[in-house]
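Written out below as structure tokens is the structure these notes cover.
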Amino acid sequence: MKYAELARAYEALEATAKRLEMRSILVALIGAVKGEELGIVLYLSQGLLRPEYEGVELGVAGSLALKALARATGEEEERLARRARASGDLGTTAAEVLGPPSRRDEATALEVPEVYARLLEIAHSSGAGSQEAKIVILETLLRRASSLEGKYLLRFVLGTLRVGVREMTILDALAEHFAPGDKPARHEIEAAFNMTSDLGLIAERLAAGGVPALARLGLTVGRPVRSMLAERSNSLSDILLRMGGRAALEYKYDGLRVQAHIARDGSVRLFSRRLEEIGPQFPDLIEALASAIPHRPAIVEGECVPVDPLTDELRPFQEVSHRRGRKRDLDRAQEETPVALFVFDVLLDAGEPVYGRPYPERRTRLEALLVPNERIRLAESRVVASVDAATRFFDEAVAGGAEGVMAKSLQEGSSYQAGARGYWWIKYKREYVTGLADSIDGVIVGAFSGRGRRGGRFGAFLLAVYNSRQDRYESFCKVGSGFDDQALEEMPHRLHPHVVGERPANVDTGLNADAWFRPALVLEVRGAELTLSPIHRAGIGRVKPEAGLALRFPRFTGRYRDDKGPTDATTTDELLELYESQSHGTPHGAHGVRLRPKA
DNA sequence: GGTGCCTGCCC
DNA sequence: ATTCTGC
DNA sequence: GCAGAATGGGCAGGCACC
């Protein structure tokens, strides 16, 4: 297949928001692809080169792609960057500067397998000079690309194909193509994907032998299963109602999700939520798992959390981040940041697949199979049947250093639904509940150009607190979540009177905004907690040298504080108090004080 | 050898 | 991670 | 309610550059 044909399909997909129409376009595309190319087309359409768990990375994104486009077109890099900021999409900008498709003739037209091979080449190049090599490959592709091809080539590289299609839509289309109208077949295809996490493999099998060829793609030790995910709720009574009046609650630990595969011979592989192999970072867990799980093979899932070696208290998420992805000084990291795995589910028990069993049975089996040790423990759990009991357990969880609780359905259909976010699991955190949550009034000092559907307007804003002692404004977060289309539309008008050409002298931040404002407009934001920051400057040096404070998971509450001037915003001192009132010294999370700045 | 930018992946 | 939008 | 696409803080590694 010509890459141009794939690009035309993307163009058609992008032009509609109707899901059924998208599916039809994909079905037509699947029908037009040669069987042996289908896998490649599906990987590319997912924004991947290989199944996610293989971790094949391009190592090229916005910055290098810009360089490649500049070279391919002879345009100035800075000029292209400005245009891309304005349009919110380097792909669109590329389409404009690449010009009409007449630039290339049929003889050199890009074929999908060739594009794929070139992209793989980019991914595989490493070492000194590799950035140059990657740019050259991309540049060469772009020189041969029509404007439409260039648009999607660049979007692929940027990781935002933005055509309204992801895994679920592709699965729908595969089902519609290979087994039209056959609901069980649709289910079977999705199940095979959830077990293998590899659309290319699914496509290959389907092309070779149709749906029956998927039959033997079951649970395999060493091949990660797509994680089951949870929905959210902001009320325990709502959760109980949905779950039929009774539910199991578990501590929701703030750490890394880990899927552990323990082979018959006791060898262990660990996978992250996005199925990256993370075993090398946690040799302590691997060793502890081999002894904690004597009956093998087995697959269990848990949360990897930093723990205080002396007091056994749970430590902040930031600490376990030091171990994620680490390749150097593994021994030292292991010593400095001990972790424990709080196991909460079992998918394979002594060779027997149990992921299809209801949750209560899996939990019972988990408790029977696990021989806990210092590193491997059971997640705290309790069955509750009233809001009172649920609230008590939630309070215990928070006092014990957890983020909140995870509610799990006890009902008949409560199997482990790989890959699914649904109401079988519901997370509940204190921060979800308005009135109990942290809220901060921040001053807008800068803004950033939006991308994609926020192209042509601001996509995020830089917020600061007021340092009343020095009469300065210190950044503590960007915020882009929580704005609906109308709010986003309004912002330029609200900000217009305060625009300045460069960063005001009384604004302190480590970030370079696309637009700057005199501190004037105040917004209410919420977040989960305050962290020590290398880039934000709120209270810099007051807790730790060189470190400011930042808000984790910031979002706009929808409340403009037009009643406040910039000096009435939350102050640096108040932010520091909030930070101190979090869990330091006392058990993590055991703060009776909530983050409530003055009204 | 140090530093800063970029990228990808955790949450 | 959270939030918003169109189907 | 689902699926997709916006957006956040912050970490480690890799590479370019000095």
Side-chain angles (χ1 to χ4, degrees), chain A residues 16-22 52 55-67 88 125-134 157-172 231-232 254-258 272-276 278 281 303-304 316-329 333 403 420-423 427 429 431-432 448 450-455 457-463 476-488 511 525-536 547-558:
Chain A
T16 181
K18 297 189 172 70
R19 317 253 8 126
L20 291 176
E21 196 175 324
M22 291 170 137
E52 194 159 24
V56 174
E57 298 165 3
L58 277 183
V60 176
S63 213
L64 297 189
L66 183 66
K67 282 193 165 69
S125 101
S126 70
S130 61
Q131 286 195 351
E132 176 63 21
K134 287 168 194 260
V157 166
L158 299 173
T160 51
L161 220 40
R162 208 179 278 141
V163 296
V165 169
R166 284 191 181 182
E167 284 150 4
M168 284 305 154
T169 315
I170 295 176
L171 288 171
D172 277 341
E231 279 294 346
R232 302 188 318 161
D254 190 10
L256 302 178
R257 179 93 174 251
V258 168
S272 71
R273 199 187 94 169
R274 280 177 63 184
L275 313 181
E276 300 280 324
I278 51 167
Q281 282 69 42
E303 192 81 5
C304 169
F317 172 78
Q318 250 174 320
E319 292 186 11
V320 78
S321 302
H322 293 299
R323 294 191 59 179
R324 193 195 70 76
R326 176 172 287 277
K327 294 185 178 176
R328 303 188 276 247
D329 297 327
E403 283 183 299
R421 196 183 279 285
Y423 285 90
K427 56 183 162 179
K429 301 201 223 177
E431 55 161 302
Y432 298 157
F448 300 85
R451 291 183 242 206
R453 77 183 304 279
R454 292 194 183 177
R457 53 175 103 185
F458 293 134
F461 304 90
L462 183 61
L463 294 192
F476 69 97
C477 72
K478 288 199 284 176
V479 61
S481 194
F483 294 89
D484 58 23
D485 286 349
Q486 195 205 324
L488 229 40
L511 289 169
V525 292
R526 279 200 285 149
E529 62 179 347
L530 294 167
T531 60
L532 289 173
S533 171
I535 55 168
H536 289 293
L549 294 179
L551 188 64
R552 188 183 184 202
F553 308 149
R555 59 264 194 192
F556 176 43
T557 62

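Quick note on labels: first sequence line is chain A, next is B, and so on, each numbered from 1.
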Base, sugar-phosphate, or nothing: which does [X] touch, judged by heavy atoms less than 4.0 Å apart?
{"X": "A:G255", "value": "sugar-phosphate"}
{"X": "A:V320", "value": "nothing"}
{"X": "A:V258", "value": "nothing"}
{"X": "A:R324", "value": "base"}
{"X": "A:K134", "value": "nothing"}
{"X": "A:S321", "value": "sugar-phosphate"}
{"X": "A:K67", "value": "nothing"}
{"X": "A:G55", "value": "nothing"}
{"X": "A:T160", "value": "nothing"}
{"X": "A:G62", "value": "sugar-phosphate"}
{"X": "A:R232", "value": "sugar-phosphate"}
{"X": "A:Y423", "value": "sugar-phosphate"}

Would you please name every residue forming a side chain to side chain contact (heavy atoms under 4.5 Å, CB included) with [X], sequence neighbours left out?
{"X": "A:S125", "result": "A:S130, A:A133, A:K134"}
{"X": "A:S321", "result": "A:F317"}
{"X": "A:R19", "result": "A:M22, A:T169"}
{"X": "A:L532", "result": "A:V543, A:K544, A:A547, A:L549, A:Y579"}

message: So, OP1 or OP2 of C:dT5: does either fall under 4.0 Å of a side-chain N or O from A:K18?
response: no
Side chain to side chain donor-acceptor pair (under 3.5 Å) with [X]: which residues, sequence neighbours excluded?
{"X": "A:K478", "result": "none"}
{"X": "A:R273", "result": "none"}
{"X": "A:T557", "result": "A:E524"}
{"X": "A:Q131", "result": "none"}

- prompt: Heavy-atom count around A:R162 CZ within 6.0 Å, excluding the residue itself: above 12?
  reply: yes
message: Of all nucleotides in DNA chain B that come within under 4.0 Å of a heavy atom of chain A, which is furthest toward the 5' end and which toward the 3' end?
response: B:dC6 to B:dC11
- line: 5'-most contact on DNA chain D (nearest-nucleotide basis), A:A128 vs A:R166, goes to A:R166
A:R328 or A:G129, whichever maps to the more 5' nucleotide of DNA chain D: A:R328
query: For DNA chain D, which nucleotides open and close the run of contacts to chain A, 5' to 3', at under 4.0 angstrom from a non-hydrogen atom?
result: D:dG1 to D:dA16
In whole Å, I'd like the distance from the [atom1] atom of [X] to the [atom2] atom of [N].
{"X": "A:E529", "N": "C:dA1", "atom1": "CD", "atom2": "P", "result": "13 Å"}
{"X": "A:K429", "N": "C:dA1", "atom1": "NZ", "atom2": "P", "result": "7 Å"}
{"X": "A:F483", "N": "C:dT2", "atom1": "CZ", "atom2": "C1'", "result": "13 Å"}

query: What interatomic distance, in whole Å, is found between C1' of B:dG8 and the corresponding atom of C:dA1?
result: 16 Å
- line: A:E403 meets the salt bridge (charged side-chain N to carboxylate O under 4.0 Å, His left out) criterion, sequence neighbours left out, with A:K252, A:K429
message: Can you list, in residue-number order, the parts of residues 547-555 of chain A that come under 4.0 Å of DNA chain B, counting heavy atoms only?
response: A:R552, A:F553
field: Residue met sooner reading DNA chain B from 5', once A:L158 and A:E303 are mapped to nucleotides
entry: A:L158
- prompt: Taking NZ, NE, NH1 and NH2 as the nitrogens, is one of them in A:R555 or A:E431 under 4.0 Å from a carboxylate oxygen of the other?
  reply: yes
task: Look at the rings of A:F461 and A:F483 and say which category their plane angle falls in: under 30° parallel, 30 to 60° tilted, over 60° perpendicular.
output: tilted
- request: Assess whether side-chain contact (heavy atoms from CB on, under 4.5 Å) is satisfied between A:V479 and A:R526, documenting all intermediate values.
  value: CA-CA 10 Å; A:V479 61; A:R526 279 200 285 149; over 6 Å; no
